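Keep in mind that what you see is a predicted model, and the values were worked out from it rather than measured. Throughout, numbering of the chain's residues begins at 1 and tracks the sequence.
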Amino acid sequence: MRAFVFPGQGAQTVGMGRELAEAWPAARDVFDEVDEALGENLSKLIWEGDADTLTLTRNAQPALMATSIAAFRAMEAEGINIHDADFVAGHSLGEYSALCAAGALTLSDTARLLRLRGQAMQEAVPVGVGAMAAILGLDFETVDRIAREIGGDEVVQAANDNDPAQVVISGHKDAVEAAAEAMKVAGAKRALMLPVSAPFHSVLMQPAAAVMADALAGVDIQPPAVPLIANVRAEAVIEPGAIRRLLVEQVTGTVRWRESVANMAEAGVTEFWEIGAGKALSGMIKRITKDATVRNVGIPADVAALRG
């Protein structure tokens, strides 16, 4: 069995997807359609812009999705389609890419939703108020317990359960810093403050969740061609109403990536294809299920290798 998985924020690099667009007209069409949907030349920013502007949440989210779907369209041009997978999944914004690839969302709607999501998440908390930190070397249960003990009147919570040795915490800056120090005392190998401008996947994102609830209510969602393993449930979902609710919950909820991958492996998945920019998910997957085969599909050579 096979799963197609799609990366989240942090994988962006200037130039991503350009070679795909040059090699496959269908991949180029993706960037053109995203540009049209947003009413701006996002592809120029992706391919020729500066890294700081691309990294802005409002830009990074639709840009990473466009790159993933361009890679997926290149795969389709080579005879590989969504029915060659048994599940799709994505890390945070990658869940939207997964839904687009599986036909649940149109490309134009996905681009507009992610632009709005990025803006709403950025604006939910003033810059400097929130923070995130990666905790390395402690399991999720320990990180979650310490975060709950430290929080007090301020918010700090486990935001991303990435793999057995990496959990990201999110919340008010002072509380995140205090929790990070407590994690070190508890035996964490490292506690790294992340270069992000907002406390994603925490209850502080509730204003953004409200924005997304309104936006998703007006968007048509079809049953995906193959089941989605949803971030906040770590289990399969195909019903459009449930998908809509879970996308809203995802804004403030924990990304349960470790459990998602483990559950796919338990269901029989032995191959994971990371489609889009970077290889972050591949590293996580190998730490979660050591017997899995992982492939990356992000540049023309990767697509060409699939023919074999």
Side-chain angles (χ1 to χ4, degrees), residues 6-11 55 57 60-61 64 89-96 114 117-118 120-152 154-184 186 188 190-212 229-234 246-262 280-281 283-284 287-288:
F6 299 82
Q9 205 159 332
T55 298
T57 302
Q61 294 200 16
L64 283 161
H91 193 283
S92 191
L93 82 88
E95 192 156 271
Y96 286 79
L114 284 175
R117 183 178 183 268
M121 292 173 81
Q122 186 62 64
E123 294 168 0
V125 178
V127 174
V129 171
M132 300 181 77
I135 310 302
L136 307 182
L138 289 181
D139 61 36
F140 176 79
E141 289 72 19
T142 302
V143 171
D144 185 52
R145 174 179 56 78
I146 294 172
R148 292 175 187 277
E149 291 171 354
I150 292 291
E154 291 200 319
V155 169
V156 58
Q157 67 187 80
N160 297 349
D161 182 10
N162 284 336
D163 65 43
Q166 184 191 119
V167 181
V168 175
I169 58 175
S170 180
H172 286 110
K173 186 172 184 290
D174 289 346
V176 169
E177 290 175 343
E181 289 303 314
M183 306 286 177
K184 292 179 186 175
R190 299 181 76 185
L192 307 171
M193 299 301 293
L194 298 179
V196 297
S197 53
F200 304 132
H201 298 292
S202 77
V203 295
L204 297 179
M205 289 286 106
Q206 186 55 46
V211 169
M212 294 311 296
I229 303 298
N231 282 183
V232 296
R233 273 195 197 165
L246 293 171
L247 287 174
V248 175
E249 290 179 23
Q250 187 219 66
V251 178
T252 57
T254 301
V255 175
R256 296 167 61 182
W257 188 250
R258 174 181 58 86
E259 292 175 270
S260 295
V261 172
L281 297 186
M284 295 177 196
R287 290 187 288 273
I288 296 165

Exercise for review: Say whether Q9 and S92, considering side chains only, have a donor N or O and an acceptor N or O under 3.5 Å apart.
Suggested key: no
Point to revise | Test item: H172 and P199 side chains (from C-beta on) under 4.5 Å apart, heavy atoms | key: no
Point to revise | Minimum-distance pair of heavy atoms, taken over all atoms of A191 and K184 | key: CB-CE, 3.8 Å
Check your understanding: Between S170 and S202, which heavy-atom pair has the shortest distance, and what is it?
Key -> OG-CB, 3.6 Å
Review point. Which pair of heavy atoms, one from M284 and one from W257, lies closest together, and at what distance?
Key: SD-CD1, 3.8 Å
Check your understanding: Pick from N162, D139, N160, D161: which one makes a side-chain contact (heavy atoms from CB on, under 4.5 Å) with V167?
Key -> D161
Exercise for review: Please tell me if the side chains of M132 and V176 come closer than 4.5 Å, counting only heavy atoms from C-beta onward.
Suggested key: no
Exercise for review: Of all the heavy-atom pairs spanning L204 and A124, show the shortest one and how long it is.
Suggested key: O-CB, 4.0 Å
Revision key, fill the gap. Minimal heavy-atom distance between V251 and A209, with the atoms involved, is CG1-N, 3.7 Å
Point to revise | Salt bridge flag under 4.0 Å for residues R145 and E149 | key: yes
Check your understanding: For E259 and F140, what are the C-alpha separation, side-chain angles and deciding distance, and is it a side chain to side chain contact (heavy atoms under 4.5 Å, CB included)?
Key -> CA-CA 11 Å; E259 292 175 270; F140 176 79; 5.8 Å; no
Check your understanding: Can you name the salt bridge (Lys or Arg N to Asp or Glu O under 4.0 Å) partners of E123, sequence neighbours left out?
Key -> none
Exercise for review: Mind listing the closest non-hydrogen atom pair of H201 and M205 along with its distance?
Suggested key: N-CG, 3.9 Å
